[in-house]
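Chain naming here is simple, since letters A, B, ... match the order of the sequence lines and numbering starts at 1 in each.
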Amino acid sequence: MTTTQANRIQLALPKCPTGIQGLDEITHGGLPKGRPTLVCGSAGSGKTLLAMEFLVRGAQQYKESGVFVSFEESEKELMDNVISLGWDLKDLIDQKKLLIDQIYIEPSEIKETGEYDLEGLFVRLGHAIQSLNAKRVALDTLEALFGGFTNELIMRTELRRLFRWLKDKEVTAVITGEPGDGNLTRYGIEEYVSDCVIVVDHRVKEQIGTRRLRVVKYRGSTHGTNEYPFLIGEQGLSVLPITSLGLEYKVTTERVSTGISRLDTMLGGQGYYRGSSILASGTPGTGKSTLATSFVHAACQRGERCLYFALEEAKTQLIRNMRSIGIDLEPWVKSGLLRFHAERATSSGLEMYLITIRTLLDEFKPQIVVFDPMSNLISVGTGEEIKSVLARVIDYLKIKGITALFTNLTHAGGPLETTETAVSSLMDTWILLRDIESGGERNRGIYILKSRGMAHSNQIREFLLTDKGVDLLDVYLGPREVLTGTARATRVAEEKADRLRRQQEIERRQHELERKRAAMEAQVAALRAEFEAEEEEVEKILAEAKMREEVLEENQKRMGDMRKTDE
Amino acid sequence: MKKKKIEPKDTVEAFERAVKESDSQLYVLRLYVTGATVRSMCAIENIRRICKEYLQGRYDLEVIDIYQYPKLARGEQIVALPTLIKKLPLPLRRLVGDLSDTEKVLFGLGL
């Protein structure tokens, strides 16, 4: 949200900041100022705390004193409940910044004997507001009134009057209510409080509880409409620990090495983008953690700070295992460049885990973060919950410019190119590690499914774990199949033999030809010799014949001379 | 065994004493109203009538305007008005409303 937008909203509807972490972001500034807000939720959903925090923050941060009207808990109980959050209510009360009025209604003591109204409540509240010059009021749980009195008609009329009256007093009020069947509240208080309604609940799914908050309605203002997880931490309520409402973050073209030189080559020669999110998914034992630790190892060698969230393995075990492939992480841990946080997400629930993530990120300020494996979160929430949470984690990391590598375990037999949490769209680079099964053995293959904004190889490489780290090898790309491991080696040997055989064949043929040529030439020479001999003979005969002719002619002439012929 | 025999005797005695005393017990009543509204006037009139009729000589009734003493509303746990609080005899009872339903008022006061 830009400032001008914020200003416009500010002009349109004055808001009263709650001071509760995250809530003011969702409501774009706070609760409607001078109007009542209904917070409904079942027992244990945190609505009383929300109401109390609204007053405490008001008193501490915004210099607005508040009146807390409790229909259920006594002043002392309330004080004790929040002392663990570091809120000293007694101090605030002494400073006249807070007043707690317990309205105690014991139905067995009350008999209705005719017409009445709730003027007593108004008088008390009015007196309290006046004495403190209070700007904030909390009524918890107003519905308890309905339990004390039987005449619902009177109650409803009086409630309407109360809300009107609160508006006239220009106090910002938080009213809590219990949910009912089909209604937001058991007695339908939402009918009267129509400016802002917030629903909180505490759902337990597969034995893990998650608190959630949703702004159902906010008259005259925009607001986040999602259900946001929130938690009750050491500093009170915290809605959606990771706040991100926009996709505005700086990107760099800086690249970071993957720690595996051939993988860098596959990724356009330089590795991942700094600040991007990388997903490495694969079936069990395909080398996801190895890929992650190679990345961390390389980063530490460059002197960068790395935070490793190990969700399934203990730190010591990881270090031991990685040592077997020549990656020694111990020195980095010792020098403080690398920190492990090994905890199952299930041990605390998704929301607590999130706050842990954020706290650690803020505290350690890493450049590289690894979540290994991200899929462990699935045991804590449903796909959608995790997706929304991860989206926020990723956005938070991106805002901070942290490069994050998430590993994801896909189950053998399941579709490979999916993540159970469907978060692949949030990732910039997706590396798939897979088993290639052939010839009675399994081998690891690696390829890049996608990598935004860079030219990347489309080749499958064999992923080899050697005692000197990770190595990538070309796989055998035959006409019909992809071969790895021994099959690849065998095929390579076969090819070599084939080549040799072909070479020999060619040589043999050449030799043959040579021989044939020699034979032919010999033949030609013999023929020529024969011909020459014949030619010589013929010429000789011809010469003899010619000579004979000449001799004959000579003889005849001589004979003619001798006869003295007269012709 | 001896004790058990005595106990019922005691209970009976206690009960009889209570019945006797109920006729002579002092009623401490506080009526909280909101100024001089119709409903307030109505409540005051009603309780005066009932007291005269049923608690002659053994009641202590005080009418308090909550607008003048708003602090009392907190101390006395007043929510609805008018409210009649029966402080004595115990148990404490709050009678809410203009006290027009005499039967309910008498029941509420334990009469």
Taking the side chain as C-beta and beyond, is there a heavy-atom pair between B/Leu61 and B/Arg30 under 4.5 Å? no
Contact list (residues 71-78 of chain B to chain A, heavy-atom gap under 4.5 Å, by number) returns B/Lys71, B/Ala73, B/Arg74, B/Gln77, B/Ile78
Please determine, among B/Glu103, B/Arg93, B/Lys104, the option with the most heavy-atom pairs under 4.5 Å with chain A. B/Arg93
Exercise: do B/Asp101 and A/Thr113 side chains pair donor with acceptor under 3.5 Å: no
Pick from B/Ser100, B/Ala43, B/Cys42: which one has the most heavy-atom pairs with chain A under 4.5 Å? B/Ser100
Using the rule given for ring-ring contact (aromatic ring centres under 6.0 Å, His included), can you reason through A/Tyr116 versus A/Phe149, listing the C-alpha separation, both sets of side-chain angles and the distance that settles it, and then say yes or no? CA-CA 10 Å; A/Tyr116 59 93; A/Phe149 300 95; 5.6 Å; yes
Quick check on the interface: out of A/Ala128, A/Gly126, A/Ser108, who has the most heavy-atom pairs with chain B under 4.5 Å? A/Ser108
Have A/Asn81 and A/Glu73 got a donor and an acceptor in their side chains that come within less than 3.5 Å? yes
Which answer fits B/Tyr32, side chain, backbone, both or neither, if we ask what part of it has an atom under 4.5 Å from a heavy atom of chain A? neither
Could you tell me whether the side chains of B/Thr37 and B/Ser40 share a donor-acceptor contact shorter than 3.5 Å? yes
What is the distance from atom CD of A/Glu152 to atom OG1 of A/Thr157, rounded to the nearest 0.5 Å? 10.5 Å
Based on non-hydrogen pairs under 4.5 Å, which of A/Asp101, A/Ile103, A/Asp117, A/Ile154 is most in contact with chain B? A/Asp117
Given the options A/Leu145, A/Ile105, A/Leu121, which has more heavy-atom pairs under 4.5 Å with chain B than any of the others? A/Leu121
Taking C-beta and beyond as the side chain, do A/Asp140 and A/Glu72 meet within less than 4.5 Å on heavy atoms? yes
Can you tell me which of B/Leu95, B/Leu92, B/Thr102, B/Leu81 forms the most heavy-atom pairs within a distance under 4.5 Å of chain A? B/Leu81
Out of A/Ile100, A/Leu125, A/Asn151, which one racks up the most heavy-atom pairs below 4.5 Å with chain B? A/Ile100
Nearest 0.5 Å, what's the CD1-CG distance between B/Ile50 and B/Leu29? 10.0 Å
For a quick check under 3.5 Å, do A/Gln102 and A/Ser70 share a side-chain donor-acceptor pair by atom type? no
Kindly compute the distance separating CZ (A/Arg124) from CD (A/Glu119), expressed to the nearest 0.5 Å. 13.0 Å
